[in-house]
Amino acid sequence: MIPARIEQFLKTLPEPDFFIGKNRAAADKIHDLLRQYVDQGTATIAMNVEVELLMQVEAVLRGLGWTAEEAMVLFCMWCIVCPDKLSAWYDKTKDGEINEENNDADQA
């Protein structure tokens, strides 16, 4: 079960931009709670990720005080809490890139 404070934070985000602008401050406020949630986790997921990519992600997140595992759990929670927002975000992306045509339509 996702803690209520984390769920409230996630519901405010139209996209998984946890570490940008005001979202970063809000994410930092729930970080200790998320860390406890991760520490109490009961499942382990194995993922194949290129070593260099993982090192880059960890370097960026380390500068923010987060781990790759914590960020991934937060993203998975966002997917669960905001399935409609996930669909809209997915529609705006293509092959890992923002589809500018769809993005422009959203801003109009």
Side-chain angles (χ1 to χ4, degrees):
M1 185 162 157
I2 298 171
R5 280 185 48 217
I6 295 175
E7 186 172 342
Q8 290 169 350
F9 164 68
L10 295 171
K11 286 181 177 181
T12 68
L13 304 175
E15 297 183 352
D17 51 0
F18 313 121
F19 306 113
I20 297 174
K22 68 178 182 173
N23 296 344
R24 168 132 188 245
D28 286 344
K29 287 181 182 178
I30 55 110
H31 189 202
D32 287 337
L33 182 58
L34 182 89
R35 187 178 294 126
Q36 292 171 6
Y37 183 89
V38 169
D39 288 345
Q40 296 171 1
T42 58
T44 299
I45 298 172
M47 295 174 46
N48 292 325
V49 179
E50 291 182 25
V51 173
E52 187 169 323
L53 175 63
L54 182 58
M55 289 172 55
Q56 291 171 348
V57 168
E58 288 177 340
V60 169
L61 291 173
R62 189 177 320 112
L64 300 173
W66 287 69
T67 66
E69 179 183 21
E70 292 165 347
M72 180 56 120
V73 168
L74 190 60
F75 175 74
C76 290
M77 288 176 168
W78 181 79
C79 292
I80 292 167
V81 170
C82 305
D84 294 338
K85 293 176 184 178
L86 172 62
S87 293
W89 177 67
Y90 178 78
D91 289 343
K92 286 176 31 176
T93 62
K94 181 178 180 180
D95 300 325
E97 300 290 331
I98 295 295
N99 183 334
E100 293 300 327
E101 181 179 312
N102 289 339
N103 196 30
D104 291 343
D106 289 345
Q107 294 175 1

How would you list, by chain and number, every residue that makes a side-chain contact (heavy atoms from CB on, under 4.5 Å) with V57, sequence neighbours excluded?
L53, L61, A68
Not counting sequence neighbours, list each pair that qualifies as a ring pair (Phe, Tyr, Trp, His ring centres under 6.0 Å) and has a residue in residues 34-58.
none
Name every donor-acceptor pair, under 3.5 Å, that has one atom in a side chain of residues 16-24 and the other anywhere in the protein, sequence neighbours excluded.
from: D17; atom 1: OD1; to: N23; atom 2: ND2; distance (Å): 3.1
from: N23; atom 1: ND2; to: D17; atom 2: O; distance (Å): 3.0

Just to verify, what does I45 make a side-chain contact (heavy atoms from CB on, under 4.5 Å) with, not counting sequence neighbours?
M47
Residues which pass side chain to side chain donor-acceptor pair (under 3.5 Å) with W66, listed by chain and number, not counting sequence neighbours:
D28
Side chain to side chain donor-acceptor pair (under 3.5 Å) pairs touching residues 2-12, sequence neighbours excluded, are E7-K11
When rounded to the nearest 0.5 Å, the distance separating CG of L10 from SG of C76 is 11.0 Å
If hydrophobic clusters are built by linking Ile, Leu, Val, Met, Phe, Trp and Tyr wherever their side-chain heavy atoms come under 4.5 Å apart, do W78 and L33 end up in the same one?
yes
Mind checking side-chain contact (heavy atoms from CB on, under 4.5 Å) for R62 and listing every partner two or more places apart, or none if nothing turns up?
E58, A59
Shortest non-hydrogen separation from L74 to F9 and the atoms involved
CD2-CE2, 4.3 Å
Suppose we screen for side-chain contact (heavy atoms from CB on, under 4.5 Å). Which residues come up paired with V51, at least two apart in sequence or across chains?
M55
If you round to the nearest 0.5 Å, how far is SG of C79 from OH of Y90?
12.0 Å
Salt bridge (charged side-chain N to carboxylate O under 4.0 Å, His left out): which pairs involve residues 32-53, sequence neighbours left out?
D32-R35, R35-E70
Which value, rounded to the nearest 0.5 Å, describes the distance between L54 atom CG and N48 atom CG?
11.5 Å
How long is the gap from CG on L34 to OG1 on T67, to the nearest 0.5 Å?
8.0 Å
